[in-house]
Each structure stands twice: as structure tokens, then as C-alpha cells.
Number of protein chains: 2
Amino acid sequence: MISQTEENYLKALWNIISNKGEASVNELSKQLEIKMPTVNSMMKRLAEKGLVIYESYKPLKLTDKGKKQAALIIRKHRLTEMYLVEKMGFGWEEVHDIAEQIEHIQSPAFFEKMDELLGFPKVDPHGSPIPDKTGKIEAEQYIRYIKLSDCREGDTVTFMAVSHSSDDLLKFLNSRELSLGSKIKVRSIEPFDDSMTVSYGGRKAEMLSNKVCDKLLVRPA
Amino acid sequence: MISQTEENYLKALWNIISNKGEASVNELSKQLEIKMPTVNSMMKRLAEKGLVIYESYKPLKLTDKGKKQAALIIRKHRLTEMYLVEKMGFGWEEVHDIAEQIEHIQSPAFFEKMDELLGFPKVDPHGSPIPDKTGKIEAEQYIRYIKLSDCREGDTVTFMAVSHSSDDLLKFLNSRELSLGSKIKVRSIEPFDDSMTVSYGGRKAEMLSNKVCDKLLVRPA
DNA sequence: GTAATATGTTAGATTGGTCTAACAAAATTA
DNA sequence: TAATTTTGTTAGACCAATCTAACATATTAC
């Protein structure tokens with residue numbers, strides 16, 4: 001009923017909308033690396049199917065049905081990432097591309113089983129919340145996370161999630177032994193470039209650029 | 001480079017050829033439930049790509065390259081089935097449809113990991129051999145299996161594999177607690193319909209129709 | 001050995017998903 | 001506000017994968 005291609009558009013839309021509040025044909029086009037006219041006609045198709053609200057020159061929206069569909073794909077993606085890390089021993093930087101494919105598998109039983117074997121996890125290996133079977137996200141605490149880059153000297157926080165993690169960022173964090181759950185203390189902030197010197201775990205004084213700090217979501221103590 | 005659709009044609013061809021020795025457009029068409037003209041043009045495409053040998057009105061063949069490709073897809077399918085049964089707790093009758101989808105995942109690391117976690121199995125949950133990474137099958141013993149239906153009264157054999165298992169057959173075997181590795185003794189054969197009365201495990205006298213016995217591959221004692 | 005049937009092929013249409021080129025509207029800048 | 005740039009839309013082409021209808025060749029039956 002809904003093709004893999006359509007699923008990819010829905011997911012991208014959902015991602016853009018949850019970050020920026022609304023989506024444009026242009027952004028979707030860039031994110032998917034698909035030319036605008038193609039995106040445009042796909043939006044009309046998804047509107048026909050009742051998944052997207054499309055009006056010429058207006059921002060794109062998802063219908064409730066579209067939101068649910070998208071969330072269920074995200075659910076499959078994040079459950080898969082968790083499974084790959086927890087049950088198969090992959091690193092958190094290795095799982096995205098595999099999950100990107102497995103998220104399209106049509107088999108409720110398969111994902112039920114994963115969920116069960118994982119003990120019904122609430123977050124994926126990068127700390128992002130996993131939508132439930134109805135497409136809802138229990139994100140009470142998640143939405144209260146703040147960026148490390150918004151913290152001040154002397155703050156002590158817990159590293160809870162990575163936002164929009166790229167493989168390179170994750171590999172960088174691996175190399176610094178900085179993982180979810182670490183208690184981070186902000187030692188100092190360099191006024192010139194906003195880089196931070198922090199301590200955590202065994203590390204006394206690690207320097208993190210502002211670009212890195214901007215991606216790390218933390219919970220204040 | 002090679003699409004999922006093309007993979008499905010290759011796999012079906014491989015299956016038909018390994019059973020019957022050669023394949024026709026008609027058989028492929030029936031097996032895939034795709035009309036003959038479509039199959040015909042796909043054969044030409046796969047011939048262009050050097051995977052199939054196609055000559056008008058001649059039986060279809062796979063090139064060495066085609067055989068290897070097909071075997072690697074079969075490998076992914078059978079490894080997946082084994083993983084689903086051994087590591088996720090699915091029944092052998094539940095795994096075919098899921099494996100049918102996962103076999104198309106493009107990620108050598110994913111299947112390497114499965115293989116490793118399974119301890120490099122040689123057969124799938126139905127007893128079919130798993131091709132190795134180069135597409136070869138170590139089938140020394142497998143090819144010497146015989147059908148239970150070819151056994152005689154008094155023979156004692158070991159149940160090694162199910163050929164062309166349908167879900168219904170597997171469920172039937174489940175219901176009789178007949179599983180791979182069982183030692184089966186042929187008590188009697190009914191001349192009228194060739195049905196067999198056998199004993200194995202805790203079962204003293206189970207009646208198996210000729211249709212069932214024809215699907216059970218066994219190793220003579 | 002011809003007729004009938006089964007199998008295989010060609011031609012042409014359709015749909016999904018993509019593109020480029022050209023044009024239109026909105027937003028930004030001067 | 002007018003000009004320029006960015007964004008969005010329309011039109012039309014292309015390829016993969018499917019189909020039906022019509023025709024061609026093989027095989028089987030009589």
C-alpha cells in the first residue's frame with residue numbers, strides 16, 4: 001500500500017518537521033538528495049493518499065495518519081538500531097545504514113520480537129526516543145534535555161543523547177570515551193570560539209569544539 | 001547495480017535449476033507469479049548483464065557469475081532463517097517470509113555478524129545447506145540424502161532436511177513432534193497409498209502419507 | 001503428418017520514480 | 001519599489017517493471 005520510497009519521504013518529512021516545526025519542498029529535496037520537481041509530485045501523491053497536507057507555495061504538513069505512519073517507521077528504525085547494538089554487538093556509529101534498510105521490512109512479528117528481546121526499550125543507542133506501537137512518543141524527559149553548548153562554566157550534567165548524529169561525530173565520541181550516561185563537568189569555556197574544556201569519567205580535561213557541544217544533549221544535575 | 005527484482009528472478013532461476021536441472025520461461029513465470037512476457041524481457045536484461053544465458057526457445061541457464069550471485073542471495077536467506085530461529089526464537093515455519101525480505105539487505109557486515117553469532121552454520125533450520133561466502137555449497141552429505149518415501153519396511157534413518165517446505169508441512173511436523181535429527185524407523189508401508197507407519201522419539205506408530213514422506217530427506221543409518 | 005495445445009516472443013500500454021528545462025511566485029536585497 | 005535571488009510548479013522525457021493482445025514456434029495428441 002505504501003512503498004519504500006514513500007516511506008522515505010514520510011520519514012524525512014517527519015524529521016524535518018520535528019526539528020524545525022515545518023518543512024518545505026526545498027528542504028526535503030536537499031535532505032533526500034532528490035530534485036524539487038520529483039519531491040513536488042510525490043507530495044501531491046502523498047496528499048492524495050491522505051498522508052500529507054499540500055497546498056501550493058505553503059509549508060508542508062503531515063496529516064495525523066501521516067504522522068502515525070512516519071512514527072511507526074522511526075520506531076522500526078530505532079528498535080533496529082538498538083537491537084544491532086545490544087544483541088549483535090555493533091557500535092553505535094555502525095548501525096544507521098543497516099537500520100535504514102531494515103526499517104522497511106513488513107513483519108509486525110519481527111519487530112515485536114525485537115522489542116521483547118530488548119525489554120521494550122524507550123530510547124535508541126543515540127538516546128533518541130522510540131515511538132510506541134501506536135506511534136506516540138513518551139518524551140517527557142527528552143524534551144527537557146538541553147544542549148551542552150548552552151551550559152555554563154561549573155555546570156555538571158549527564159550526557160543523555162546525540163542529536164542528528166553523524167558517523168564522524170560518533171567516532172569522535174568513541175575516541176574520547178564519551179558515552180551516554182557520562183557525568184560531564186564544564187571546566188571552562190573559551191570566549192573566542194566557545195569551545196569547552198570538560199571533565200568526565202577518567203578524563204580530566206578534554207577540549208570539545210562548539211560544533212560538538214551543540215550536538216550533545218544533556219540533563220542538568 | 002542489481003535490483004531487488006532482479007535478485008528475485010535470479011533466486012527463482014537458481015531454485016528451479018537446482019531441482020530440475022534446467023528452467024523455462026514458463027516455470028519461472030509460474031513460480032514468480034509474473035506473466036511470461038515480463039519474465040521474457042527480464043531474461044534479456046539479465047543476459048545483457050552477464051548473469052543469464054538466454055537464447056530464444058532454449059532452456060534458461062545461469063552464467064557462473066549468475067550462479068554466484070544467486071547463491072549469495074540464498075546464503076543471506078538461509079543465514080537469516082537460522083538467525084531468526086536460533087537467536088530470536090521463531091519457529092521454523094515462521095521464518096520464510098521475513099527472510100525473503102531480509103535477504104535483500106545490502107550490508108556484508110550484517111550477515112558476517114549473523115554468521116559469526118551462529119557459529120558459522122552449514123545448514124538452515126530446514127536442513128538446507130548454506131552456501132559459503134564465495135557462493136559454494138559444501139553438500140557432500142546433503143546430496144546423499146534420500147527421501148523417506150524411498151525407504152523400505154524395517155529401515156532406520158535420521159531425519160536431516162525438509163525439501164521445499166511449505167508452512168503447512170512444517171506445522172504438520174510440529175504437531176507430530178517430528179524434528180530434524182529424529183531417528184525414524186519404518187514400521188510398515190501400506191501398499192494401497194504408500195503411506196508409512198513409523199516410530200520415532202516418543203511416538204510408537206505415526207501414520208505419514210506418501211505426500212509427506214516425499215518431502216522428508218533422511219540419512220540411512 | 002497434420003491439428004491442437006502449450007510455450008515463447010513481440011509490440012505497445014501503464015505506473016512509479018526519477019530527471020531537465022522552462023516558467024511562476026515569494027522572499028530578499030539594493 | 002524594483003531588481004535579483006531563491007523557492008516552487010508545470011511540462012515533458014526516460015527507465016524499470018509490470019500488463020494485455022497478437023503472433024510465432026515447439027510439443028503433444030490423434
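So you know, we letter chains A, B, ... as the sequences are listed, proteins then strands, and number each from 1. Values below: all heavy atoms of this structure, side chains included; hydrogens, waters and symmetry mates excluded.
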> Distance-only, no hydrogens or angles: does the B:Ser29 side chain make a donor-acceptor pair with backbone N or O of B:Ile34 under 3.5 Å?
Replying inline: yes
>> Pairing donors with acceptors under 3.5 angstrom, does anything connect the side chains of A:Asn15 and A:Lys11?
In response: no
> Separation of A:Asn26 atom CG from D:dT9 atom C1', in whole Å?
Replying inline: 13 Å
> B:Ser56 side chain N/O closer than 4.0 Å to the phosphate oxygens (OP1, OP2) of C:dT9?
Replying inline: yes
> What is the distance from CG of B:Asn8 to P of D:dA16, rounded to the nearest Å?
Replying inline: 17 Å
> Got a sec, which pairs hit side chain to side chain donor-acceptor pair (under 3.5 Å) with one end in residues 59-70 of chain A, sequence neighbours left out?
Replying inline: none
> When you check the phosphate oxygens OP1 and OP2 of C:dT18, does a side-chain N or O of A:Tyr9 lie under 4.0 Å from one of them?
Replying inline: yes
> Whole Å only: how far is the NZ atom of B:Lys58 from the P atom of C:dG8?
Replying inline: 13 Å
>> Generate the contact string for nucleotides 23-28 of chain C. Rules: B means base contact, S means sugar-phosphate contact only, - means no protein heavy atom under 4.0 Å.
In response: --S---
> What's the shortest heavy-atom distance between B:Glu6 and B:Met1, and which atoms?
Replying inline: OE1-O, 3.9 Å
> Given side chains that start at C-beta, do those of A:Asp193 and A:Asn210 come closer than 4.5 Å, heavy atoms only?
Replying inline: no
> Is any side-chain heavy atom of B:Asn8 closer than 4.5 Å to a side-chain heavy atom of B:Glu103?
Replying inline: yes
> Where along residues 32-44 of chain B does a heavy atom come under 4.0 Å from DNA chain D, residue by residue in number order?
Replying inline: B:Ile34, B:Lys35, B:Pro37, B:Thr38, B:Ser41, B:Met42
> Taking atom P of C:dA6 as reference, at what distance in whole Å does atom CD of B:Glu27 sit?
Replying inline: 16 Å
>> Between A:Leu208 and A:Phe172, is there a side-chain heavy-atom distance shorter than 4.5 Å?
In response: yes
>> So, applying side chain to side chain contact (heavy atoms under 4.5 Å, CB included) with A:Val95, which one of A:Met82, A:Arg78, A:Glu81 is it?
In response: A:Glu81
>> Strictly by ring pair (Phe, Tyr, Trp, His ring centres under 6.0 Å), give each pair with a member in residues 29-78 of chain A just once, sequence neighbours left out.
In response: A:His77-A:His96
> What's the CD-P distance between B:Glu22 and D:dA26, to the nearest Å?
Replying inline: 15 Å
>> Please give me the minimum heavy-atom distance between A:Arg152 and A:Val186, naming the atom from each residue.
In response: O-CB, 3.6 Å
List the atom pairs, with distances to 0.1 Å, where a side-chain N or O of residues 159-168 of chain B and a protein N or O form a donor-acceptor pair under 3.5 Å, not counting sequence neighbours.
from	atom 1	to	atom 2	distance (Å)
B:His164	NE2	B:Asn19	OD1	3.2
B:His164	NE2	B:Asn19	ND2	3.2
B:Ser166	OG	B:Leu169	N	3.1

> CG of A:Leu60 versus P of D:dT7: gap in Å, rounded?
Replying inline: 14 Å
> Please give, in whole Å, the distance from C:dT15 C1' to A:Glu6 CD?
Replying inline: 12 Å
>> Both atom distances under 3.5 Å, Watson-Crick or G-U wobble: I'd like the secondary structure of DNA chain D as a dot-bracket string, with | for pairs made across strands.
In response: ||||||||||||||||||||||||||||||
